[in-house]
Amino acid sequence: NYPLVKPFAHDIGISNLTSSRKFIDLGYCMRISVEVFNYGNLTEPLNITIYANGTEIGKTQVTLTQRTPTTVNVTCAFYCFMRGNYTISASVDAVPGETDLSDNNLTDGWLVITKVGDLGGGVPPQFYNWDGEVDGKDLALFLMLYKGYQPPPPPCPL
C-alpha cells in the first residue's frame with residue numbers, strides 16, 4: 001500500500017495483470033496489460049514476459065523511470081495452443097543489484113481458448129461444455145452474458 005517507502009536503489013515489481021478478453025479463438029492475438037512499478041531511485045531497463053500455463057506467449061522490453069508505475073500492453077498470440085483453459089501470468093527479469101524478487105512474478109487471470117462463438121453446450125446449456133458447434137445453445141449463453149450474468153469460473157486448467 002505504500003510503494004514509496006521501499007528503501008531499495010534497484011527494485012521493480014508487477015502490481016497488476018489484466019487481459020483484454022477472457023475468451024479467444026485459437027490462432028488469434030489479444031492484448032494483455034501489465035502494470036509494473038519501479039520502487040527504486042534509478043531508471044531501469046527490463047524485460048516483461050507473459051505466459052499461458054507456463055508457456056511464453058509474449059515478451060517486451062521497457063525502461064522505467066524512478067518511483068513510477070507504468071502500464072505496458074503486450075500483444076500475445078495463441079497460434080500453437082489447444083482449446084481449453086489457461087492461467088495467465090507475467091514475470092519481469094531482475095535488474096542488476098535487485099534483492100527483493102518477491103514481486104517479480106504475478107499469476108492473476110485466466111483465459112479460455114475456444115472456437116469463435118462456442119461458449120458451451122449441453123441441455124440445459126452450460127458454460128465451458130464445448131461441443132465444437134456454434135448454435136442456439138451458444139446464443140442462449142451469450143444472451144445470459146449480455147443481460148449481465150456472471151459465468152462461473154472456468155474449470156481448473158489441465
- Message: Which residue in the set I48, T107, T49, V34 passes side chain to side chain contact (heavy atoms under 4.5 Å, CB included) when paired with S91?
- Response: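 Result for side chain to side chain contact (heavy atoms under 4.5 Å, CB included) with S91: T49.
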- Item | Option among L17, L64, L106 that satisfies the side chain to side chain contact (heavy atoms under 4.5 Å, CB included) test with V36 |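 The residue from L17, L64, L106 that satisfies side chain to side chain contact (heavy atoms under 4.5 Å, CB included) with V36 turns out to be L64.
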- Task: Identify whether M144 and V112 are in the same connected component of the hydrophobic contact network (ILVMFWY, side-chain heavy atoms under 4.5 Å).
- Result: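 Same cluster: M144 reaches V112 through Ile, Leu, Val, Met, Phe, Trp or Tyr contacts under 4.5 Å.
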- Message: If hydrophobic clusters are built from ILVMFWY residues whose side chains come within less than 4.5 Å, do V134 and L145 share one?
- Response: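 V134 and L145: separate clusters.
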- Message: Could you go through N38 and L42, starting from their C-alpha distance and side-chain angles, then the distance that decides it, and tell me whether this counts as side chain to side chain contact (heavy atoms under 4.5 Å, CB included)?
- Response: CA-CA 8 Å; N38 183 354; L42 301 169; 5.9 Å; no
Would you give the length of the straight line joining atom [atom1] of [X] to atom [atom2] of [Y], rounded to the nearest 0.5 angstrom?
{"X": "L139", "Y": "Y146", "atom1": "CG", "atom2": "OH", "answer": "12.5 Å"}
{"X": "R67", "Y": "D11", "atom1": "CZ", "atom2": "CG", "answer": "9.0 Å"}
{"X": "Q150", "Y": "F127", "atom1": "CD", "atom2": "CZ", "answer": "9.5 Å"}
{"X": "N53", "Y": "F81", "atom1": "CG", "atom2": "CZ", "answer": "8.0 Å"}

- Task: Could I get the full list of ring pair (Phe, Tyr, Trp, His ring centres under 6.0 Å) partners for Y51, not counting sequence neighbours?
- Result: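 Partners of Y51 by the ring pair (Phe, Tyr, Trp, His ring centres under 6.0 Å) criterion come out as none, since no residue qualifies.
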- Take L46 and D93 through the side chain to side chain contact (heavy atoms under 4.5 Å, CB included) test and state the conclusion after the steps. CA-CA 6 Å; L46 65 120; D93 295 342; 5.8 Å; no
Quick check: closest heavy atoms across [X] and [Y], and the distance to 0.1 Å?
{"X": "R21", "Y": "L111", "answer": "O-CD1, 3.9 Å"}
{"X": "P45", "Y": "T43", "answer": "CD-O, 4.2 Å"}
{"X": "A90", "Y": "I50", "answer": "CB-CD1, 3.8 Å"}
{"X": "D138", "Y": "E133", "answer": "OD2-O, 2.8 Å"}

- Message: For F37 and Y39, take the angle between the two ring planes, folded into 0 to 90°, and tell me which bin it lands in: parallel under 30, tilted 30 to 60, perpendicular over 60.
- Response: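 Rings of F37 and Y39: tilted, as their planes differ by 30° to 60°.
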- Query: Using 30° and 60° as the class limits, which term best fits the ring planes of W110 and F23: parallel, tilted or perpendicular?
  - Reply: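 The arrangement is perpendicular - the two ring planes meet at more than 60°.
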- Query: Mind checking whether N73 and I32 have side chains closer than 4.5 Å, heavy atoms only?
  - Reply: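 No, too far: nothing below the 4.5 Å cut-off.
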Mind checking what makes side chain to side chain contact (heavy atoms under 4.5 Å, CB included) contact with [X], not counting sequence neighbours?
{"X": "N16", "value": "T18, E35, D108"}
{"X": "S20", "value": "M30, R31"}
{"X": "A94", "value": "E98, L101, N104"}

- Message: D131 vs D118, test: side chain to side chain contact (heavy atoms under 4.5 Å, CB included). Steps then yes/no.
- Response: CA-CA 7 Å; D131 55 9; D118 187 13; 3.2 Å; yes
- Message: Is it the case that the side chain of D100 and the backbone of S102 share a donor-acceptor pair, with hydrogens and angles ignored and the cut-off at 3.5 Å?
- Response: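 At least one qualifying donor-acceptor pair exists.
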- Kindly write out the residues that satisfy side-chain hydrogen bond (donor to acceptor under 3.5 Å, both in side chains) with R83, not counting sequence neighbours, or none if the list is empty.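 Per chain and number, R83 pairs via side-chain hydrogen bond (donor to acceptor under 3.5 Å, both in side chains) with no residue.
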- Start with the C-alpha gap between L119 and F142, add the side-chain angles, then the distance that decides, and say whether side chain to side chain contact (heavy atoms under 4.5 Å, CB included) holds. CA-CA 7 Å; L119 299 177; F142 173 78; 4.0 Å; yes
Under 3.5 Å, which donor-acceptor pairs do the side chains of residues 55-63 form with other protein atoms, sequence neighbours left out?
from: Q61; atom 1: NE2; to: N47; atom 2: OD1; distance (Å): 3.0

